[in-house]
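Let me begin by presenting the structure, written as structure tokens, before commenting on it.
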Amino acid sequence: MSEKTIPILPCLTLQPVLDFYVALGFEVTYQQRSPNPYAVVERGGIELQFFGLKQYEPAESISTCYVVTDDVDGLHHAFRAGLKAAYGRVPTRGLPRIGPLKDMSYGVRQFLMTDPGGNCIRVGQQTSKDQRHRPAPDETFARALHMASLFADSKDDPAAAAKIIDRVLRLEDERPTPAQLLRLLVLRADTAGRLGDRETMTTALDEAAAVHLTAEEQESVHDDIERLEDLREQGPR
């Protein structure tokens, strides 16, 4: 017995969505305009189908699906490169956008991307057989990073994430390590951008870029440095 699940996702108009997936390396394998707009895109073992829906608002969409892969880093790299070639930059907010790679607390390494139709595609690779949420760390700044990341990405609540980061960075009796500081500042810049707070985003990006890291520390926060470069390239708007 063999089964396959294929998500069918909504969009206002097909063409911007199809152009987005072609930029990611997908092939449009089917398209119809009547009696209703419908299309299929495929890349390797990934197949996504889309239908046009009048009076649909992409910015308010809650549609999503999960793509499981054994090479999440490779897909993230390929998708970023494709988007940069198509858009002249790696879009990090608004529609469309692609998020950073993150090692989640439930044994998955993943990234999120949202297409022009507002569909959130989660792409992940299992890193542990234990898929349960790990408890939040006890250490102050590790805990803040853990909770802020969950609010920013899993709950899509950048305002709550920003409050956590602002509160912990105001502490006077404790200071984060340089690696923790960079991660907090990058996430703060990311949330500020999503909230339309250009001043805070600029300040956080400048402070993150000024953090001095050893070669070992740079390797430990590789994903965050990549995100910093994306955010600096796109800049506040």
Side-chain angles (χ1 to χ4, degrees), residues 20 23-24 59 72-104 109-116 120-123 141-142 144-154 156-170 175-237:
F20 174 80
L24 297 179
V72 70
D73 286 76
L75 280 182
H76 190 252
H77 177 77
F79 288 175
R80 280 168 42 87
L83 292 174
K84 188 167 187 177
Y87 294 92
R89 57 182 173 80
V90 179
T92 59
R93 59 189 185 277
L95 295 177
R97 64 180 180 269
I98 186 169
L101 272 169
K102 290 192 175 183
D103 293 304
M104 308 306 291
R109 180 167 171 79
Q110 71 175 22
F111 67 94
L112 280 59
M113 64 179 184
T114 305
D115 66 26
C120 178
I121 313 298
R122 298 170 181 259
V123 184
F141 299 100
L145 281 164
H146 174 92
M147 298 304 299
S149 293
L150 286 178
F151 275 106
D153 296 319
S154 296
D156 193 22
D157 188 348
K163 288 180 181 179
I164 292 170
I165 297 169
D166 289 344
R167 183 168 60 248
V168 78
L169 288 180
R170 286 196 296 265
R175 296 302 303 163
T177 67
Q180 288 174 327
L181 178 60
L182 181 130
R183 293 186 65 199
L184 287 164
L185 289 170
V186 170
L187 185 54
R188 186 64 183 92
D190 195 342
T191 57
R194 289 158 63 180
L195 293 167
D197 183 351
R198 288 191 252 178
E199 182 178 354
T200 299
M201 182 180 182
T202 298
T203 300
L205 289 175
D206 289 344
E207 291 180 0
V211 175
H212 177 73
L213 300 174
T214 65
E216 183 177 356
E217 288 170 332
Q218 290 179 22
E219 181 62 29
S220 72
V221 294
H222 175 270
D223 296 340
D224 302 273
I225 291 174
E226 184 176 78
R227 186 61 168 178
L228 172 61
E229 293 171 353
D230 286 346
L231 293 170
R232 285 171 63 85
E233 181 179 79
Q234 185 159 331
R237 64 178 182 182

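All residue numbers refer to positions in the sequence shown, counting from 1. The figures that follow rest on heavy atoms only: side chains count, while hydrogens, waters and symmetry mates do not.
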| remark: Sorted by chain and residue number, the side-chain hydrogen bond (donor to acceptor under 3.5 Å, both in side chains) partners of Asp206 (sequence neighbours excluded) come out as none
| message | Suppose we screen for side-chain hydrogen bond (donor to acceptor under 3.5 Å, both in side chains). Which residues come up paired with Glu217, at least two apart in sequence or across chains? | response | Thr214
| task | With rounding to the nearest 0.5 Å, note down the distance linking CZ in Phe141 to OG1 in Thr177. | result | 9.0 Å
| field | Point-to-point distance, once rounded to the nearest 0.5 Å, from CZ of Arg109 to CG of Asp223 | value | 4.0 Å
Could you tell me which residues satisfy salt bridge (Lys or Arg N to Asp or Glu O under 4.0 Å) with [X], sequence neighbours excluded, listed by chain and number?
X: Lys84; result: Glu233
X: Glu207; result: none
X: Asp224; result: Arg183

Going by side-chain contact (heavy atoms from CB on, under 4.5 Å), name the residues that satisfy it together with [X], two or more places apart in sequence or in a different chain.
X: Ala81; result: none
X: Arg167; result: Ile164, Arg170
X: Leu112; result: Gln110, Cys120, Arg122
X: Ala209; result: Arg232

| Taking only residues at least two apart or on different chains, which pairs with a member in residues 185-195 satisfy side chain to side chain donor-acceptor pair (under 3.5 Å)? |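 Sorted result for residues 185-195: Asp156-Arg194, Asp166-Arg188, Arg188-Thr191, Asp190-Arg227.
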Would you list the atom pairs, donor with acceptor, under 3.5 Å between side chains in residues 146-153 and any protein atom, with sequence neighbours excluded?
residue	atom	partner	partner atom	Å
Ser149	OG	Leu145	O	2.9
Asp153	OD2	Lys102	NZ	2.4

| query | With distance as the sole test, does Arg97 use its side chain to make a donor-acceptor pair with the main-chain N or O of Gly94 at under 3.5 Å? | reply | yes
